[in-house]
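Structure record follows, encoded as structure tokens.
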2 protein chains.
Amino acid sequence: MKFKKENYEIMADVLKAMAHPTRMFIVEVLNEREECVKDLTKMIGDDISTVSKHLSKLKSAGIITSEKRGNCVYYKLVCKCVMTFFSCVTSVIEK
Amino acid sequence: MKFKKENYEIMADVLKAMAHPTRMFIVEVLNEREECVKDLTKMIGDDISTVSKHLSKLKSAGIITSEKRGNCVYYKLVCKCVMTFFSCVTSVIEK
DNA sequence: TGCCTATTTGGTCAAATAGCCAAATAGTGG
DNA sequence: CCACTATTTGGCTATTTGACCAAATAGGCA
């Protein structure tokens, strides 16, 4: 048992933040470039308030950060390593 | 957009299966050795039915497999790559 | 066979999550 | 200051999740 119970909770929160189809999509887009809420919303097709809430969940997990520029809020990935999830998840699915 | 909507759902299911403190703990234990339900339950301290359900969630996501030997069901990791999640998650938390 | 141990399944309840709409906020530019 | 655009927040409902207990199953062995 490498970590304490409390640590598992913190770690699970990070995974939980990623564990949603829309949020995985967002992470993948942000891996390539910053985007603002409006443009992400266009790609996703949900209500903009829904997208905003997904973003805020990713942000409070520490996976993305935001920056306001002009009229818009731009989000970007903090750590590219989350993209390793995709290849692992894909290989799990293939097995 | 690399994947179709349906694919994001399948991928999210794999992450969802991991995204729980107890299940992360289980994955970490199984990374080192096989274990049976009873012994995992001892380490975790929840009801055995709760642990069994966690295991079945991990199993149906394809993260672990099980094998019955003698009186017990032994679980083991399918793919060690899920352990990369831990180091990434840890580095996200540190930032 | 019948008991025992290990595991899974079903029921129930409380809590968390996801989505939408409407309303509030924040900043820009006329 | 006002109107406009972008974003966030609050309220609500439906659904999913996690935990426990009790009951059902599955094998092994006396």
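Quantities reported herein were computed from a predicted structural model and do not represent experimental measurements. Residue numbers begin at 1 in each chain, while the letters A, B, ... track the order of the sequences. Any value given below was found using the heavy atoms of this structure, including those in side chains, with hydrogens, waters and symmetry copies removed.
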Quickly work out the [X] [atom1] to [N] [atom2] distance and round it to whole Å.
X: Met24(A); N: dA18(C); atom1: CE; atom2: P; value: 14 Å
X: Lys53(B); N: dT9(C); atom1: NZ; atom2: P; value: 9 Å
X: Leu55(A); N: dT9(D); atom1: CG; atom2: C1'; value: 14 Å
X: Leu58(A); N: dA18(C); atom1: CG; atom2: P; value: 11 Å
X: Ile48(A); N: dC4(D); atom1: CD1; atom2: C1'; value: 14 Å
X: Asp47(B); N: dA22(D); atom1: CG; atom2: C1'; value: 10 Å
X: Asp46(A); N: dT17(C); atom1: CG; atom2: P; value: 18 Å
X: Lys59(A); N: dT7(D); atom1: NZ; atom2: P; value: 13 Å

Side chain to side chain donor-acceptor pair (under 3.5 Å) filter on Lys38(A), not counting sequence neighbours, yields none
The side chain to side chain donor-acceptor pair (under 3.5 Å) partners of His54(B) (sequence neighbours excluded) come to Arg23(B)
Can you give me every donor-acceptor pair (side chain of residues 70-87 of chain B, partner residue at least two apart or in another chain, under 3.5 Å) with its distance?
unit_1: Lys80(B); atom_1: NZ; unit_2: Asn31(B); atom_2: O; d: 2.6
unit_1: Thr84(B); atom_1: OG1; unit_2: Cys81(B); atom_2: O; d: 2.7
unit_1: Ser87(B); atom_1: OG; unit_2: Thr84(B); atom_2: O; d: 3.1

* Asked: So, does Ser60(B) use its side chain to make a donor-acceptor pair with the main chain of Ser56(B) at under 3.5 Å?
  -> yes
Item to check | Thr41(B) side-chain N/O to Val37(B) backbone N/O, donor-acceptor pair under 3.5 Å | outcome: yes
What protein N or O atoms touch nucleotides 23-25 of chain D N or O atoms at under 3.5 angstrom, if any, and at what distances?
none

Produce the list of close N/O pairs, under 3.5 Å, pairing protein atoms with atoms of nucleotides 27-30 of chain C; give distances to one decimal.
none

Reckon Ser56(B) touches a base, only the sugar-phosphate, or nothing at all at heavy-atom distances under 4.0 Å? nothing
message = Taking any heavy-atom pair under 4.0 Å as a contact, classify Tyr74(A): base, sugar-phosphate, or nothing.
response = nothing
Any side-chain heavy atom of [X] within less than 4.5 Å of one from [Y]?
X: Thr65(A); Y: Lys59(A); result: no
X: Ile44(A); Y: Ile26(A); result: yes
X: Lys53(B); Y: Thr50(B); result: no
X: Tyr8(A); Y: His20(B); result: no

Quick note, Ser49(A) side chain, CB onward, closest among dT7(C), dT9(D), dT7(D) is dT9(D)
Worksheet item: Thinking salt bridges, do Lys16(A) and Glu9(A) make one under a 4.0 Å N-O criterion?
Response: no
dist Glu94(B):CD -> Thr90(B):OG1 (nearest 0.5 Å) comes out at 6.5 Å
Rounded to the nearest 0.5 Å, the CD1 atom of Ile63(A) sits from the CG atom of Leu58(A) at a distance of 5.0 Å
Could you go over nucleotides 16-18 of chain D and give all protein N or O partners under 3.5 Å, atom names and distances?
unit_1: dG18(D); atom_1: OP1; unit_2: Arg23(B); atom_2: NH2; d: 3.2
unit_1: dG18(D); atom_1: OP2; unit_2: Lys57(B); atom_2: NZ; d: 2.6

Exercise for review: Look at the side-chain N and O atoms of Tyr75(A) and state whether any lies under 4.0 Å from the OP1 or OP2 oxygen of dA6(D).
Suggested key: no
